[in-house]
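Contents: one structure, followed by commentary.
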Amino acid sequence: MATILLDIDGVSNPVRFLPQDSSDWQFEPSFKSTKASGGFTLNLSREMAAAILGLGCDIRWLTTWGHHAHFNIGMHFDWINYPVLAEPPESSGMYGGGSDWLWKPRAVMDFLKDPGDKVVWIDDDADDYVDHWQKHGLVLDPHNRLLVICPETNIGLTRDHIKRIDEFLK
């Protein structure tokens with residue numbers, strides 16, 4: 001079964017979001033994440049969540065939210081407790097600053113090192129990671145089984161992205 005590696009901010013939670021920026025999904029009123037995860041503003045859409053689930057893939061969190069993803073996003077969508085592919089290193093902080101900003105592509109590369117089913121990595125910063133990786137001659141996907149989706153941070157995942165993922169998975 002194919003796997004989706006799912007970021008939160010800029011993907012399922014558009015950042016600096018204005019409802020008029022996206023006509024793809026119906027968004028719920030904004031609310032704050034749990035105090036333990038920083039009390040950040042969340043802009044979520046159950047329609048988007050249903051579209052992601054409708055792809056029929058295994059989901060793994062790949063986000064600076066780490067284990068907080070389930071308690072703030074997954075539970076809100078009534079999703080099961082999906083595994084976290086990799087936790088951000090302490091040096092990266094909650095939002096990936098710090099010295100180890102390449103922890104996500106390292107986790108993706110490790111996940112893809114062996115042959116297997118298709119993988120979709122959805123991250124609003126993925127293009128920057130992939131560009132950096134390629135400039136340094138590193139191979140992220142040795143088995144050509146990865147689709148990278150890089151939504152606009154203030155819009156998040158769109159229906160066009162879902163169509164593109166669905167086509168890739170066929």
Side-chain angles (χ1 to χ4, degrees), residues 1-15 17 28 30-46 48-130 132-133 138-143 145-151 153 156-157 161-162 165 168-169:
M1 177 180 289
T3 301
I4 292 177
L5 306 177
L6 187 61
D7 186 25
I8 293 177
D9 292 316
V11 175
S12 57
N13 177 41
V15 179
F17 175 73
E28 300 168 36
S30 297
F31 63 97
K32 297 288 183 179
S33 68
T34 61
K35 186 176 180 181
S37 63
F40 297 103
T41 299
L42 293 171
N43 304 293
L44 302 178
S45 167
R46 290 185 189 277
M48 181 194 300
I52 294 168
L53 283 183
L55 293 166
C57 297
D58 286 333
I59 296 174
R60 295 183 187 218
W61 297 110
L62 184 56
T63 172
T64 53
W65 288 71
H67 69 278
H68 293 281
H70 175 67
F71 299 105
N72 290 280
I73 310 298
M75 287 177 65
H76 182 79
F77 291 145
D78 297 323
W79 287 359
I80 63 170
N81 190 0
Y82 295 116
V84 175
L85 181 67
E87 291 278 351
E90 287 188 34
S91 65
S92 71
M94 179 67 177
Y95 277 92
S99 60
D100 195 11
W101 66 278
L102 292 173
W103 67 273
K104 285 184 184 182
R106 283 190 192 104
V108 172
M109 186 172 71
D110 190 50
F111 189 71
L112 293 168
K113 68 183 175 189
D114 298 318
D117 293 326
K118 294 180 178 182
V119 176
V120 178
W121 179 21
I122 310 171
D123 191 307
D124 62 316
D125 293 320
D127 286 347
D128 293 336
Y129 295 131
V130 171
H132 178 84
W133 225 242
L138 300 169
V139 177
L140 188 63
D141 178 18
H143 303 286
R145 60 189 188 112
L146 177 67
L147 173 66
V148 177
I149 300 289
C150 188
T153 303
L157 194 65
H161 292 129
I162 295 291
I165 294 166
F168 171 75
L169 295 174

**OP:** Go through the steps to decide whether Y129 and W101 satisfy the test ring-ring contact (aromatic ring centres under 6.0 Å, His included), and finish with yes or no.
**Re:** CA-CA 9 Å; Y129 295 131; W101 66 278; 5.8 Å; yes

I need the minimum non-hydrogen distance between [X] and [Y], along with the two atoms involved.
X: I8; Y: A69; result: CD1-CB, 3.6 Å
X: V108; Y: L85; result: N-CD2, 4.5 Å
X: T41; Y: N13; result: O-ND2, 3.4 Å
X: A86; Y: A107; result: CB-CB, 3.6 Å
X: W103; Y: L62; result: CZ3-CD1, 3.8 Å
X: L44; Y: H76; result: CD1-CD2, 3.6 Å

Is [X] reaching over with its side chain to a backbone N or O of [Y], donor-acceptor style, under 3.5 angstrom?
X: D127; Y: C150; result: no
X: R145; Y: D117; result: yes
X: H70; Y: Y82; result: no
X: S33; Y: G39; result: yes

Original post:
Where does the angle between the aromatic ring planes of F71 and H67 fall among parallel (under 30°), tilted (30 to 60°) and perpendicular (over 60°)?
Top reply: perpendicular

With rounding to the nearest 0.5 angstrom, report the [atom1] to [atom2] distance, [X] to [Y].
X: L55; Y: I162; atom1: CG; atom2: CD1; value: 4.5 Å
X: W65; Y: I73; atom1: CH2; atom2: CD1; value: 5.5 Å
X: D128; Y: W133; atom1: CG; atom2: CH2; value: 13.5 Å
X: I4; Y: W61; atom1: CD1; atom2: CH2; value: 10.5 Å
X: C57; Y: L169; atom1: SG; atom2: CG; value: 4.5 Å

Original post:
Can K104 and D7 be counted as an ion pair, charged N to O under 4.0 angstrom?
Top reply: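 The answer is yes: the pair qualifies as a salt bridge.
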
